[in-house]
2 protein chains.
Amino acid sequence: MSEHGFDVVGEARDGVEAVNMAYSLNPDVILMDVSMPEMDGVEACRQVRAAVPGTKVVMLTMHADQEVLANAIRAGACGYLVKDCSTEEIASAVRMASTGDTALSPQLAASMLDEVRKLDMAPTREDRVVTKREEEVLQLIADGCSTSEVADQMYISQKTVKNHLASIYQKLDARDRTQAVLQAVRMGIVSLE
Amino acid sequence: MSEHGFDVVGEARDGVEAVNMAYSLNPDVILMDVSMPEMDGVEACRQVRAAVPGTKVVMLTMHADQEVLANAIRAGACGYLVKDCSTEEIASAVRMASTGDTALSPQLAASMLDEVRKLDMAPTREDRVVTKREEEVLQLIADGCSTSEVADQMYISQKTVKNHLASIYQKLDARDRTQAVLQAVRMGIVSLE
DNA sequence: CACGTATTGGGTCGAACGGTCCATCTAGCA
DNA sequence: TGCTAGATGGACCGTTCGACCCAATACGTG
């Protein structure tokens, strides 16, 4: 398998196995799938980076999910590829990782930059005025849900929905859900169907 | 006064006098001011058209109020001028009225067409899903007003505001003010600031 | 380890909300 | 002259909402 410029020293079937093998084999690069049994790739990446700092991790995923990408970057991944890329592209990404470079699928480059921007500029300019859960509450209410319906769909109690709303009221300078949703629509936080 | 092609046979100081004089003098055309003591021009126009069908009425007003214009057209006015037009334009409008034509100030022509459109197409396509007052309530709530604030600004009781809202809920298929306002925004009934 | 934030949740309380009855008044219509 | 729709209100009732307390858990930062 040295035709690509590197040797495959091992294969793991799940996250736990990957971490153990990384510890014993101490490879230069690990090609890690996001979706894995026992332990997902992002968590495995985090543990590998903590246990074996010299090992580079390239993540491989099915979907260009920005949320997962962000977590992978935070976990210390040195590359992130979507699965529809060619074998040569994967090999290239592994070689780049070994030399300290970062490989990234084109369709992920843009959201990658956005994520880095958020990470770096979070203290100076907070784009996310409301948290993820608060945003979910706003969108559901905009979609016509009552408090109890929001609670059911988010698998939380009505009280928690109200807590999120109370937090939203402060952040969006609203005094009731009507104003909060309207403000969220103006700010582009939620969509109007 | 025949320099303009017609004679002035009388002048009335208020709406009641205008109706009486129209009945006795049976003029070809009446130049009627919208704002008049005793009886406003629109009502006077209505009564003249009922009592003396052959008489044409040209309305004269200070403001290009679409609501008043609509009422005047319904009242049977054959022309509608804003007061900043020239003497010759007024004379022209009177002559046109006498021959059965309709004179209209340019700035009123557009809203006139809109009004005609509404009148003709009202049975087939009801643009106005909510009434004028209901629309006011929706806009104020969209602007951030509470029930009591809406009541204050519209000079009505909170109960009436609630009544309007209840009517709105049925028409817009909403169950609370949040959904009602959002639906109104989607339908373009109210503006988002 | 302490600290802040996010998320989850409980309880209470007064105000607001929505629904259901009802009545009055005005316009426009048949 | 009724009839209908619109606008205006009143009274009542149950539910919901928002504000104000509070606490437990988890997570990341310093």
Side-chain angles (χ1 to χ4, degrees), chain A residues 42-43 46 49-50 67 70-71 73-76 118-120 122-123 126 128-138 141 144-181, chain B residues 39-40 42-43 46-47 49-50 67 70-76 118-119 122-123 126 128-138 140-141 144-181:
Chain A
V42 174
E43 180 56 26
R46 197 189 321 276
R49 294 289 299 168
E67 191 82 14
N71 290 332
I73 298 301
R74 289 197 195 91
K118 279 181 188 172
L119 252 56
D120 289 345
E126 184 63 38
R128 175 170 235 85
V129 284
V130 296
T131 67
K132 197 164 93 289
R133 295 295 268 177
E134 287 165 359
E135 189 178 316
E136 288 181 50
V137 171
L138 278 171
I141 291 180
C145 292
S146 66
T147 299
S148 61
E149 288 168 347
V150 171
D152 290 344
Q153 291 196 32
M154 290 180 66
Y155 301 104
I156 55 179
S157 75
Q158 296 189 26
K159 188 59 189 64
T160 302
V161 175
K162 289 187 179 184
N163 284 342
H164 286 317
L165 280 172
S167 172
I168 289 167
Y169 297 152
Q170 284 189 301
K171 293 176 179 175
L172 299 193
D173 190 32
R175 48 180 172 180
D176 54 42
R177 59 188 61 208
T178 303
Q179 291 313 305
V181 172
Chain B
M39 183 193 296
D40 74 279
V42 174
E43 180 56 25
R46 198 190 321 276
Q47 296 198 12
R49 295 288 301 166
E67 193 79 22
N71 290 330
I73 298 300
R74 289 197 195 90
K118 279 182 189 171
L119 253 57
E126 185 62 37
R128 175 166 235 88
V129 283
V130 295
T131 67
K132 197 163 91 291
R133 294 297 266 177
E134 287 164 359
E135 190 178 316
E136 288 180 51
V137 171
L138 279 171
L140 285 171
I141 290 179
C145 292
S146 66
T147 301
S148 61
E149 287 168 347
V150 171
D152 290 344
Q153 290 197 34
M154 290 180 68
Y155 301 105
I156 55 179
S157 75
Q158 296 190 27
K159 187 59 186 66
T160 303
V161 175
K162 290 186 179 183
N163 283 341
H164 286 315
L165 280 171
S167 173
I168 289 167
Y169 297 152
Q170 285 189 301
K171 293 175 179 175
L172 299 194
D173 192 31
R175 47 181 173 178
D176 54 43
R177 58 189 61 210
T178 302
Q179 291 313 305
V181 172

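Order of the sequence lines sets the chain letters (A, B, ...), proteins ahead of strands, with each chain counted from 1. Just so we're clear, the structure is a prediction, and the values are computed from it rather than from any experiment.
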Q) Does a nitrogen or oxygen in the side chain of B:Arg133 sit under 4.0 Å from OP1 or OP2 of D:dG6? A)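 Negative; the distance criterion is not met.
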Q. Under 4.0 Å between a side-chain N/O of B:Thr131 and OP1 or OP2 of D:dA7, yes or no?
A. yes
Find the distance between [atom1] ([X]) and [atom2] ([Y]) and round it off to the nearest 0.5 Å.
{"X": "A:Ile141", "Y": "A:Glu136", "atom1": "CD1", "atom2": "CD", "value": "12.0 Å"}
{"X": "A:Gln158", "Y": "A:Glu149", "atom1": "CD", "atom2": "CD", "value": "10.0 Å"}
{"X": "B:Asp40", "Y": "B:Arg46", "atom1": "CG", "atom2": "CZ", "value": "8.0 Å"}
{"X": "A:Glu134", "Y": "A:Leu172", "atom1": "CD", "atom2": "CG", "value": "8.5 Å"}
{"X": "B:Tyr169", "Y": "B:Arg177", "atom1": "OH", "atom2": "CZ", "value": "5.0 Å"}

Q. Between D:dA7, C:dT8, D:dG9, which nucleotide gets closest to the side-chain atoms of B:Ser157?
A. D:dG9
Q: Scan for salt bridge (Lys or Arg N to Asp or Glu O under 4.0 Å) pairs involving residues 152-166 of chain A, sequence neighbours excluded, and state none if there are none.
A: none
Within this structure, what is the [atom1]-to-[atom2] distance between [X] and [N], rounded to whole angstrom?
{"X": "B:Glu136", "N": "D:dT8", "atom1": "CD", "atom2": "C1'", "answer": "14 Å"}
{"X": "A:Lys171", "N": "C:dT5", "atom1": "NZ", "atom2": "P", "answer": "10 Å"}
{"X": "A:His164", "N": "C:dG9", "atom1": "NE2", "atom2": "C1'", "answer": "10 Å"}
{"X": "B:Glu43", "N": "C:dA27", "atom1": "CD", "atom2": "P", "answer": "9 Å"}
{"X": "B:Ile168", "N": "D:dA5", "atom1": "CD1", "atom2": "P", "answer": "18 Å"}
{"X": "A:Gln179", "N": "C:dC17", "atom1": "CD", "atom2": "C1'", "answer": "15 Å"}
{"X": "B:Glu135", "N": "D:dA7", "atom1": "CD", "atom2": "C1'", "answer": "16 Å"}

Q | Sugar-phosphate or base contact per nucleotide [nucleotides 14-25 of chain D; S, B, -; heavy atom under 4.0 Å] | A | ---BSSB-----
